[in-house]
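Here is the structure we will look at, set down as structure tokens.
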Amino acid sequence: MDILIFGAGSLGSLLGGLLSRTHEVTLVGREPHVGEVRRDGLRITGVETVDVHPAATTDGTEVSADLAVVTVKASDTEEAARTLATGDVDAVCSLQNGMGNEDVLAAHLDGTVLAGTATYGARLAGPGHVEWLGRGRLTVGPWRPEDDVETAERVVAAFRAADLDATVTTDARGRLWEKLAVNAAINPVTALARVENGALAPPGELADLATAAGVETAGVARADGASLSDATVRESIAEVVHETERNRSSMLQDVTDSRRTEIDAINGYVVDRAEELEESVPVNRTLATLIRGWEAGAGVE
Ligand SMILES: NC(=O)c1ccc[n+]([C@@H]2O[C@H](COP(=O)([O-])OP(=O)(O)OC[C@H]3O[C@@H](n4cnc5c(N)ncnc54)[C@H](O)[C@@H]3O)[C@@H](O)[C@H]2O)c1
Ligand SMILES: CC(C)(CO)[C@@H](O)C(=O)[O-]
């Protein structure tokens, strides 16, 4: 399969590097990473050490591919979609966190839109070098009624052919809501308290706060038509906190490095959707306000 990875940062470089063992992969990213990959290849260390030489470019315009995997941060999805629209991709699959990315891609692109989740852990350690921090799982499914499950099956088969752990889902929206509830719980609380994920293990006030945000999110998910119980969300949060106890969440890393966070696609999305569905989400609203307040004060782009 001809695969374009749009957003060759941490996750995109890891998955693109692993996929390039079996498929034709082009990474679309930024300098100095792209130049280093073109010169010396991409090195993956951590869970496994892998040295590969995928194609890499900073120019994602007018490209054609069987599949574009989108791994930019949520605030860059609109630009990614506009850029991809200048080319010809048969299918696009977001593996980003948060909600709203698939709708942005669908608004700009003609091909099949797939929604995915990724629990792999990755960190760009330096130009040409990505650290593989945790084995994970990918789920991929059709996003809209007109997006066919056969395309999701072909994509999952291609991922598996490269030894990635991937499954097809026919309930992509439900899966995204569940992941959203976990991120809405863990990300802003760890970012505001400046703690590793393990600090949210129960019992404790931080655990209670995170769980309250997750349970509120499950309420909005149900109002949106998803079948996501409070118990499932509580269990998922506790499980992810346990499995990633030494992780600094992506939002904590963004705040520490003075970068814009994905708050709009996480708690911000919960607040917006809750308003449309006339649900009350005071915890998510407070967390979103605090993170957005930090972004404004820090002057991040
Ligand atoms: N890192 C992880 O372990 C992980 C795990 C699961 C999900 N995610 C999700 O995946 C997404 C990406 O996360 P990440 O940690 O890889 O972020 P990242 O910032 O490391 O990578 C994104 C990359 O996209 C590049 N980019 C953005 N716009 C571009 C453009 N127009 N042209 C070329 N390059 C462009 C950026 O330069 C950056 O290198 C997020 O939604 C995140 O929440 C990450
Ligand atoms: C699962 C997660 C919360 C683990 O740190 C991750 O999605 C993150 O950091 O965004």
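Order of listing sets the numbers, starting from 1, for every ligand and every atom in it. It should be emphasised that the depicted structure is a prediction, and the values quoted were computed from it without experimental measurement. Positions are given from 1 along the sequence.
Heavy-atom proximity to E79, at under 4.0 Å, picks out these atoms of ligand 1: 31 (N). If you number the atoms of ligand 1 from 1 as listed, the ones under 4.0 Å from a heavy atom of Y120 come out as 3 (O), 5 (C), 6 (C). The ligand atoms of ligand 1 that sit less than 4.0 angstrom from a heavy atom of G121 are 3 (O). Contact atoms of ligand 2 toward S249: 5 (O), 9 (O) (distance under 4.0 Å to a heavy atom of the residue). Taking every heavy atom of N97 and a limit of under 4.0 angstrom, the matching atoms of ligand 2 come to 7 (O), 10 (O).
For atom 9 (C) of ligand 1, the choice among I266, N97, T117, T261 with the nearest heavy atom turns out to be N97. For atom 14 (P) of ligand 1, the choice among G7, A81, G9, S10 with the nearest heavy atom turns out to be S10. Taking each of T244, T71, L11 in turn, the one with a heavy atom nearest to atom 12 (C) of ligand 1 proves to be T71.
A salt bridge does not link E150 to R154: none of the charged nitrogens lies less than 4.0 Å from a carboxylate oxygen. Here D224 pairs with R173 in a salt bridge; the nearest charged N to carboxylate O distance falls below 4.0 Å.
Under a 4.0 Å heavy-atom criterion, A80 is not in contact with ligand 1. Assignment of N187 to the shell around ligand 2 is supported, since a heavy atom sits closer than 4.0 Å. Not a single heavy atom of S250 sits less than 4.0 Å from an atom of ligand 1. Under the 4.0 angstrom criterion for non-hydrogen atoms, T83 is not in contact with ligand 1.
The part of E262 lying near ligand 1 is the side chain, judged by heavy-atom distances below 4.0 Å. Contacts between F6 and ligand 1, counted as non-hydrogen atom pairs separated by less than 4.0 Å, involve the side chain only. Contacts of K179 with ligand 2, taken as heavy-atom pairs under 4.0 Å, involve the side chain alone. Within the 4.0 Å heavy-atom criterion, the part of N197 lying near ligand 2 is the side chain and not the backbone.
Residue-to-ligand polar distances keep Q96 apart from ligand 1: every N/O pair is separated by 3.5 Å or more. For the pair A118 and ligand 1, the shortest N or O to N or O distance does not fall below 3.5 Å.
Closest to atom 2 (C) of ligand 2 among all protein heavy atoms lies N183 ND2, 4.1 Å. Of all protein heavy atoms, the one closest to atom 1 (C) of ligand 2 is V240 CG1, 3.7 Å. Given atom 8 (C) of ligand 2, the protein heavy atom at minimum distance is S250 OG, 3.4 Å.
Shown here is R194, whose CZ atom has more than 12 heavy atoms of other residues, nucleotides or ligands within 6.0 Å.
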